[in-house]
Number of protein chains: 2
Amino acid sequence: MNVTIYDVAREANVSMATVSRVVNGNPNVKPATRKKVLDAIERLGYRPNAVARGLASKKTTTVGVIIPDISSIFFAELARGIEDIATMYNYNIILSNSDQNKEKEIHLINSMLGKQVDGLVFMGGKITEDHVREFQNASVPVVLAATVDETHSVPSVNINYEEASYEATKTLFGKGNEHVAFISGPLETNINDQKLSGYYRAIEEQGKSYGDRYVIRGDYTYDSGIEALDQLINMEERPSAVFVASDEMALGVIHGAQDKGLRVPEDVEVFGFDNTRLATMVRPTLSTVVQPMYDIGAVSMRLLTKYMNNEKVEEQNVILPHRNIERNSTKS
Amino acid sequence: MNVTIYDVAREANVSMATVSRVVNGNPNVKPATRKKVLDAIERLGYRPNAVARGLASKKTTTVGVIIPDISSIFFAELARGIEDIATMYNYNIILSNSDQNKEKEIHLINSMLGKQVDGLVFMGGKITEDHVREFQNASVPVVLAATVDETHSVPSVNINYEEASYEATKTLFGKGNEHVAFISGPLETNINDQKLSGYYRAIEEQGKSYGDRYVIRGDYTYDSGIEALDQLINMEERPSAVFVASDEMALGVIHGAQDKGLRVPEDVEVFGFDNTRLATMVRPTLSTVVQPMYDIGAVSMRLLTKYMNNEKVEEQNVILPHRNIERNSTKS
DNA sequence: CTGAAAGCGCTAACAT
DNA sequence: ATGTTAGCGCTTTCAG
C-alpha cells in the first residue's frame with residue numbers, strides 16, 4: 001500500500017487537514033509545524049495522489065489534446081507549443097490522435113470529458129454542428145488550435161489563411177508568371193477553403209478567369225505533391241509557378257519537377273505553406289508562407305488557461321500574424 | 001452539477017451497484033433491468049466519472065509517456081505507435097517532453113506516478129542509476145522505448161544499434177571506399193555509444209587503425225550535418241563515404257556536400273540511420289538503416305500492457321529486426 | 001493556526 | 001440477479 005496523507009498526519013502528529021495545507025502551500029501553517037510535516041513527508045516518501053485530489057477538488061490539472069496525427073511534422077510542432085505552455089502552468093496533457101475522423105473526434109471529446117480534464121485543445125479539419133454542440137455541452141472550456149470554425153462560436157487561434165494565400169499567389173503573379181497553379185489540401189476542410197478563396201481572389205484581381213483549371217487536389221503529403229506535378233506537367237499552357245498548400249507537398253512538387261528535368265525556379269517556381277523545418281531541408285530552399293505553428297499551440301494553451309482560471313479574455317478568436325519568406329524556389 | 005451514478009440509479013429504480021454493473025459490462029444483470037438502466041443513462045446524459053472510478057478501483061487506464069521531444073520527426077513516429085496501441089487497449093496517454101534533461105525526467109516520472117498512471121513508457125538518452133532506482137521504486141511497470149539501459153534491468157524495446165552500425169559501415173567499405181567517416185549523435189547517450197562501437201568494429205575488421213580520426217560529433221540536427229561536412233571537406237585524405245547517425249543529419253551532409261560542389265554519391269557516398277520519411281524526401285534519395293520506429297513504439301506499449309495485466313512475458317528486453325535499404329546516395 | 005468531519009463518484013466485497 | 005455498505009485519498013467547510 002502506498003503512503004497516504006493519513007500516514008503523514010500520524011507520523012507528524014497533526015491532522016490530515018494540516019498536512020493537506022502544507023502540501024498545497026496554504027500559508028496558514030506555523031513554520032514549526034510545517035517543518036514537522038515536511039520532515040514526515042520526506043521520511044515516508046509521501047507523494048500526493050492526484051486522483052484522490054481530483055475527486056475531492058474537481059480539478060485534475062490535466063487538459064485533453066485532440067490532434068489529427070502527432071507524427072505529422074506540422075502538428076507535432078503545434079503539440080510542442082501546447083505542451084510547453086501546459087507545463088509552464090502546471091498542467092499535464094492527455095494526447096490522442098483523431099486522424100480527422102469525425103466519429104473518433106466525438107468519441108475522444110467524450111472520453112476526455114469523462115477523464116475530467118479541466119479543458120480541451122482541439123485540432124481538426126472540419127468543425128461541424130455536431131462538434132460545436134459537443135463543445136458547448138462540455139462544461140469545460142475548449143479552444144481550437146489551427147482549425148477554423150466558421151461560426152466563430154468556439155475560441156480559437158489561427159492565422160488568416162485566406163489573406164496569406166492571397167498574398168503568396170499575388171507574389172507569384174508579381175514575378176511575371178502568366179499562370180499560377182494551386183495544389184490544395186483535402187477539399188473538405190475549412191482551412192483549405194480559406195486558402196482556396198485567397199488563391200481565387202488573387203487570380204480574379206489579375207483579371208484571369210480560368211477558375212479551377214489550375215487547381216489540383218492533394219492531401220498535404222510528399223507523394224501527393226509529386227503526383228500533382230505529374231498532372232501539371234501535362235497541361236497545355238503549363239503554369240510556370242505553383243503555390244502549394246503545405247511545405248511537405250511542396251517538396252514533392254520540387255522533386256517531381258526536378259525528376260522530370262525541370263529546373264526550379266527557372267522553369268517552375270514553387271511557393272509552399274507553413275515554413276516547417278522542411279523548407280530549408282531541400283534544394284533549392286523553399287519560399288513559403290510562415291505559419292507560426294509553435295506559437296499557435298502556445299497561444300492556444302495560454303488562452304485555455306485563461307478560461308480555466310476565469311480570467312478575462314479580450315478576444316476569443318485570436319489571429320496570429322503570418323508573413324512570406326522568399327528563398328530560392330522562386331525567382332528573385 | 002453533473003449527473004452521477006446515483007442519479008441514474010434513482011431514475012432507473014435500481015441500486016448504484018446495478019448501474020455500475022451495466023456500465024462495466026458485468027453480465028450478471030437481467031436484460032430487462034439492463035435496458036432500464038441504459039435508458040436512464042441516455043435520458044440523463046450520464047457519463048461515468050473516470051476520476052472517481054480511478055480512486056475506487058486504483059486503475060486509471062492511462063499511461064505516462066516521457067519523450068525527449070515530440071516535435072522530432074523520429075520521436076513523433078514512435079509516439080504514434082505507442083498511442084495507437086494504447087488506444088487499442090483502451091488506455092489514454094499522458095505525454096510530456098523531457099528534452100533529455102535528467103532533472104526533468106526524474107521530475108516527470110514522479111509527477112506521472114502521482115497521477116496514478118498504470119504504467120510508463122520512457123524514451124531518453126542516458127539511463128543512469130538514478131533512473132533505474134526510480135523505475136524500480138515505481139509500483140507500476142515501466143518500459144523503455146528506443147532507449148537502452150546497459151544493465152538490462154528495465155524492460156525495453158530496441159534494435160541492435162551496434163550491429164546495424166557495423167553493417168552500414170561495412171557496406172560502405174564494401175563499395176571500395178578507402179576511408180569511411182562517422183557523424184555521431186551527442187556523445188553521452190547509450191545508443192550513440194552502440195553506434196560508435198559498431199563503426200569501430202567495422203573499421204578494425206578492415207585492418208584500419210585510424211581510430212576516431214574520422215569521427216565527427218553532431219547532434220542529430222540538419223544543421224549539424226552541414227557543419228560536419230564542412231569539417232570533413234577540409235581533411236587531408238578526405239573520406240569518400242560517410243555514415244551518419246540520423247537521417248535528418250544525413251540530409252544536412254548531402255546538401256552540405258552539394259552546396260560545396262561535391263556530387264553525391266560520386267564524390268561522397270552517404271548512409272543515414274532511421275529511415276524516417278525524410279529519406280525519400282531528398283535528392284539523391286538516402287540509403288539508410290531501417291529502424292522501425294512505429295513498431296518500436298507499438299511493441300513497447302504492447303509489452304507494457306502485458307505487464308499491467310500480469311500476463312507472462314517471454315523476453316523483457318525485446319530486440320526488433322533492422323535492415324539496410326540502399327537508395328541513391330550510395331553507389332550501386 | 002489547527003482539527004473534525006463530511007463528502008467527491010465510484011467499485012467491490014458481502015448480503016440477500 | 002440485485003441491493004447495502006464500506007471505503008479509495010484527498011479537499012473543504014466549519015468549529016474552535
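The shortest side-chain heavy-atom distance between T62(A) and K115(A) does not fall under the 4.5 Å cut-off.
Ranking dT12(D), dG9(D), dT2(C) by closeness to the N49(A) side chain, first place goes to dG9(D). Each of dT2(D), dG9(C), dT11(D) was ranked by its minimum atom distance to the side chain of A56(A); first place goes to dT11(D).
When the P atom of dG3(C) is taken as reference, atom CE of M16(A) falls 12 Å away, rounded to whole Å. Taking atom CG of residue N24(A) and atom C1' of nucleotide dC1(C), one finds them 16 Å apart after rounding to whole Å. One atom, CG of N26(B), and another, P of dG3(D), lie 13 Å apart when rounded to the nearest Å. Rounded to whole angstrom, the span from the OH atom of Y6(B) across to the C1' atom of dT11(C) amounts to 17 Å. Distance CD1 (I5(A)) to C1' (dA4(C)): 14 Å, rounded to an integer number of Å. Computed from coordinates, the L55(B) CG to dG9(D) P distance equals 7 Å when rounded to whole Å. Following rounding to the nearest Å, K59(A) (NZ) and dC10(D) (C1') show an atom-to-atom distance of 16 Å. The CZ atom of R53(A) sits 8 Å away from the P atom of dC10(D) (whole-angstrom rounding).
Between F122(B) and F135(B), a ring centre-to-centre spacing shorter than 6.0 Å is recorded.
Scanning atom types as modelled, one donor and one acceptor separated by under 3.5 angstrom connect the side chain of R21(B) and the base of dG3(D).
At dG9(C), none of the side-chain N or O atoms of T4(B) fall inside 4.0 Å of OP1 or OP2 (strictly under the cut-off).
In this structure, T33(A) and Y46(B) both approach DNA chain C, and ranking their closest nucleotides by distance from the 5' end singles out T33(A).
Looking at heavy-atom distances under 4.0 Å, S20(A) makes contact with a base. V51(B) comes within 4.0 angstrom of nothing in the nucleic acid, heavy atoms only. Using a 4.0 Å heavy-atom distance criterion, N28(A) is classed as a base contact.
Between D84(B) and Y294(B), the side chains place a donor N or O and an acceptor N or O closer than 3.5 Å (distance only, hydrogens not considered). Using a 3.5 Å distance cut-off with no hydrogens or angles, the side chains of R21(A) and N28(A) do not pair a donor with an acceptor.
Look at R302(B) and D295(B) and you find no salt bridge, because none of the NZ, NE, NH1 or NH2 atoms lies under 4.0 Å from a carboxylate O.
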